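One structure is given below, encoded as structure tokens.
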Amino acid sequence: MKLRRWAAHRVPLTISAVLAVCATLATGPSHPVPADATAADPTIQAARVMENLGRGVVAVRSSSTQVLVSWRLLGLDPEGIGFNVYRSTGGGAYTKLNAGVLTGGTNYQDSTADLTRSNSYRVAPVVGGQEQAPSGAFTLTANHSVEPVVRVPLRSGGPVKFVWVGDLDGDGEYDYVVDRQTSPQKLEAYSGDGDFLWEVDLGPNSQNQDNIEPGSSAIDLGHWDGVTVYDFDSDGRAEVAVRIADGVRFGDGTTWTHADDSRQFMAVLDGRTGALRNWSAVPTTYLGDGPMAARLGVAYLNGTTPSLVAYMKNRRADGAFNLMMGAWKFDGDSLDRQWTWERGNQDAPDGHNTRAIDVNGDGTDEVAEIGFVLNGNGSLRYSMGPGGIIHGDRFHLADMDPDRPGLEGYGVQQDNPSGLLEYYYDAANGSVIWKHNGGPADVGRGMAGDVDPRFPGMEVWSFSGLYNAPTNRLTEPNTSLSPWPQLGLWWDGDLTMELLNSGKIEKWDPARPTASGSLPRLVSTWNHGAVTAAQGGPTLVGDILGDWREEAVYTNASHNELIIFSTDRPTNTRLYTLAHNPAYRNAMTFKGYMQSHHVDYFLGAGMAKPPRPDITYAGGGSAAVTAATSALPTGSRR
């Protein structure tokens, strides 16, 4: 059923009436694409429309005398673009810091600042020898702490499990949406500087916070999230997608009502106000077994514009699970369901993460689970179930072998009766390249990333040792000397990946291997007041500020401050922002059991220069070029 957006002033007057009518309509079972339908992906129409990002300038004190200033290289920046860095001290005039145009890594070490005073930094692109309009500014307060941290204030509230980013106001920089694990639960939105924007109360149906069978509007429990943030209509401002049910109160004060507390709807909210933009009913196929828990994220199913995708499950009386996946398109006016797929009796193993990525290189995204992949039209591309793959907690899709065409996958297994522990496979068709047996065992963690430059491509590991993925060879013969397989991130500036484990940013050193609990440590997040959230991790990992290195977002113990760890290490490596890589940006929209994100090219030691992404910016042009030419007030990051 296609539903048009109501005018804002009519929403509170018509929700109850419209829903009363909708309650009498039989939406009927969802209809997956027939088995004999074409498995071809939708035809690509044009370049992907992605966020119109600014420079994301950030500055942190890297020592008692130095400041590291970092900024984005954008996906469509012209070849050879350079930059000049400017500083304003105490609100004075801006002065250029670099003697010559900077054409290496998009960061600069300032050793001449008077750090007893506030210092604002901005950068100006230089194209063809001509300096362009400068970026917005980031202000480092006077006598700022020496720490690799950006602090963003929050209102007082309950614990935070997840944070999402999106450009809610259209200024080219990321803002924040956070959950509150209260009863009932809440969603809150903040500007990039910490200005409170709005709150959504998820209502009485969020009070059931069971990890397996949560309430119909509950979010962020177990591997369910039920929220994501993205610019779905490509107008330059991000929306917030959330699964709703009876009693949810939106940011403008209107309340969603429905007589049946189990009925659920996908809703798109205005990122600036939290008001309802439009909604679409979740199919009622499995409603008899109660509400469906959900994971939400983004995929470019047509290769051009984003869709909201959902993984949804509920449990039958016999203990088995119903699984439905679906896709919706928001065009700025209507929210329309594109397709649903139901597993039914098909052998299609799922897990605790969903990924959306172009597995076959045709320009359109597929939606992947640990044991099967759906095409962009909702048909089943392949399942690895018949080949012996079952449920598992974690899997990765990336270009793990730069010498082999296409992408590869790595997954782990939970109590596979065959004894299978982990496996490495061709992401385009699911064919297994190698596997390791030794179980059955519940392999609860698995990681993929280049951590050993002595071997080509990435390493993959769980608890059976550190293996080079392309060669299926142990890089360290002593299997007790390997990293803990939790999260990875790029931090120190070289091309191998660092590790994020229970609040520790660590570095695997293949020349001096140590047990997983004693890796060389770069940062201990608790020394800066951070507390871990779900599964001992952060609330978000992603490239949200500065150059291509990643940030890790935590809160303090009082949950009234975001503590964003941003690197204090200079690098000569120049890469466009990871947020303009389609596979990486999709991954940032998914939560589940939080996993590392991957680009769709090989990022590691010995890598080739990545190709220019096939994207265009929402609204056209570049936010970075049209940024304001004057610094914002002290304390602003833009």
Side-chain angles (χ1 to χ4, degrees), residues 5 41-56 72-78 164-175 177 228-241 266 268-272 277-278 296-309 327-339 355-358 361-367 375-377 542-544 576-590 597 599-601 610-627:
R5 176 168 57 97
D41 294 308
T43 302
I44 186 168
Q45 300 175 8
R48 293 179 188 232
V49 183
M50 295 192 70
E51 292 160 313
N52 194 359
L53 295 174
R55 292 292 168 195
R72 294 185 185 113
L73 182 71
L74 302 174
L76 297 183
D77 275 341
W164 298 262
V165 293
D167 181 7
L168 301 179
D169 56 13
D171 69 351
E173 304 297 347
Y174 282 136
D175 307 297
V177 175
T228 199
V229 177
Y230 202 71
D231 182 5
F232 286 101
D233 60 356
S234 301
D235 68 347
R237 295 187 298 269
E239 290 78 40
V240 177
M266 290 296 172
V268 172
L269 312 183
D270 190 303
R272 296 164 295 180
R277 294 284 301 276
N278 213 329
L296 305 185
V298 168
Y300 283 70
L301 303 176
N302 64 1
T304 305
T305 54
S307 293
L308 170 67
V309 295
W328 285 259
K329 174 71 74 176
F330 178 64
D331 63 4
D333 186 14
S334 63
L335 179 64
D336 302 312
R337 179 157 52 93
Q338 296 172 276
W339 50 259
R355 295 184 182 270
I357 187 171
D358 179 7
D362 70 347
T364 65
D365 286 335
E366 287 75 42
V367 182
N375 289 306
N377 62 7
D543 180 11
I544 62 175
Y576 71 82
T577 176
L578 305 188
H580 271 163
N581 182 266
Y584 185 95
R585 188 62 182 97
N586 284 355
M588 282 178 63
T589 66
F590 288 93
H597 314 316
V599 294
D600 55 16
Y601 58 86
R612 184 182 179 94
D614 186 16
I615 65 173
T616 188
Y617 299 140
S622 169
V625 173
T626 59

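Owing to the predicted nature of the structure, the values given are computational and were not obtained by experimental measurement.
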Specify the closest pair of heavy atoms between [X] and [Y], including all atoms of both residues, with the distance to one decimal.
X      : Y      : value
Ala618 : Ser234 : CB-O, 3.7 Å
Tyr174 : Ala579 : OH-CB, 3.5 Å
Pro613 : Leu76  : O-CD2, 3.8 Å
Ile615 : Ala47  : C-CB, 3.7 Å
Asp77  : Arg612 : O-NH1, 3.3 Å
Leu269 : Arg277 : C-CG, 3.8 Å

[X] side, atom [atom1]; [Y] side, atom [atom2] - distance, nearest 0.5 Å:
X      : Y      : atom1 : atom2 : answer
Asn278 : Asp270 : CG    : CG    : 12.5 Å
Asn377 : Asn375 : CG    : CG    : 5.5 Å
Asp543 : Met588 : CG    : CE    : 7.5 Å
Ile357 : His597 : CD1   : NE2   : 12.5 Å

For [Y], does its backbone N or O pair with a side-chain atom of [X] as donor and acceptor, under 3.5 Å?
X      : Y      : value
Thr589 : Val298 : yes
Trp164 : Tyr230 : no
Asp167 : Gly172 : yes
Arg72  : Leu578 : no
Glu173 : Ile544 : no
Asn586 : Gly297 : no
Asp235 : Arg237 : yes
Lys329 : Pro306 : yes

**OP:** Determine, for Asp175 against Arg272, whether the closest basic-nitrogen to carboxylate-oxygen distance falls under 4.0 angstrom.
**Re:** no
**OP:** Establish, from distance only, whether the side-chain atoms of Asn581 and Asp600 form a donor-acceptor pair under 3.5 Å.
**Re:** yes
Subject >> Chi angles and distances behind the side-chain contact (heavy atoms from CB on, under 4.5 Å) call for Met50, Tyr300 >> reply: CA-CA 10 Å; Met50 295 192 70; Tyr300 283 70; 3.8 Å; yes
Original post:
Can you check side-chain contact (heavy atoms from CB on, under 4.5 Å) on Leu308 and Phe232, steps first, answer last?
Top reply: CA-CA 8 Å; Leu308 170 67; Phe232 286 101; 3.7 Å; yes
Original post:
Would Arg585 and Asp231 count as a salt bridge (charged side-chain N to carboxylate O under 4.0 Å, His left out) if you check the C-alpha gap in whole Å, the side-chain angles of each, and the deciding distance to 0.1 Å?
Top reply: CA-CA 12 Å; Arg585 188 62 182 97; Asp231 182 5; over 6 Å; no
Using a 4.5 Å cut-off on heavy atoms from C-beta on, say whether the side chain of [Y] contacts that of [X].
X      : Y      : value
Asp331 : Thr305 : no
Glu366 : Asp358 : yes
Leu301 : Trp339 : yes
Val309 : Phe590 : yes

**OP:** Quick one: do Leu74 and Tyr617 satisfy side-chain contact (heavy atoms from CB on, under 4.5 Å)? Show the steps, please.
**Re:** CA-CA 10 Å; Leu74 302 174; Tyr617 299 140; 3.3 Å; yes
**OP:** Carefully, step by step, assess Arg48 and Asp365 under the rule side-chain contact (heavy atoms from CB on, under 4.5 Å).
**Re:** CA-CA 11 Å; Arg48 293 179 188 232; Asp365 286 335; 2.7 Å; yes
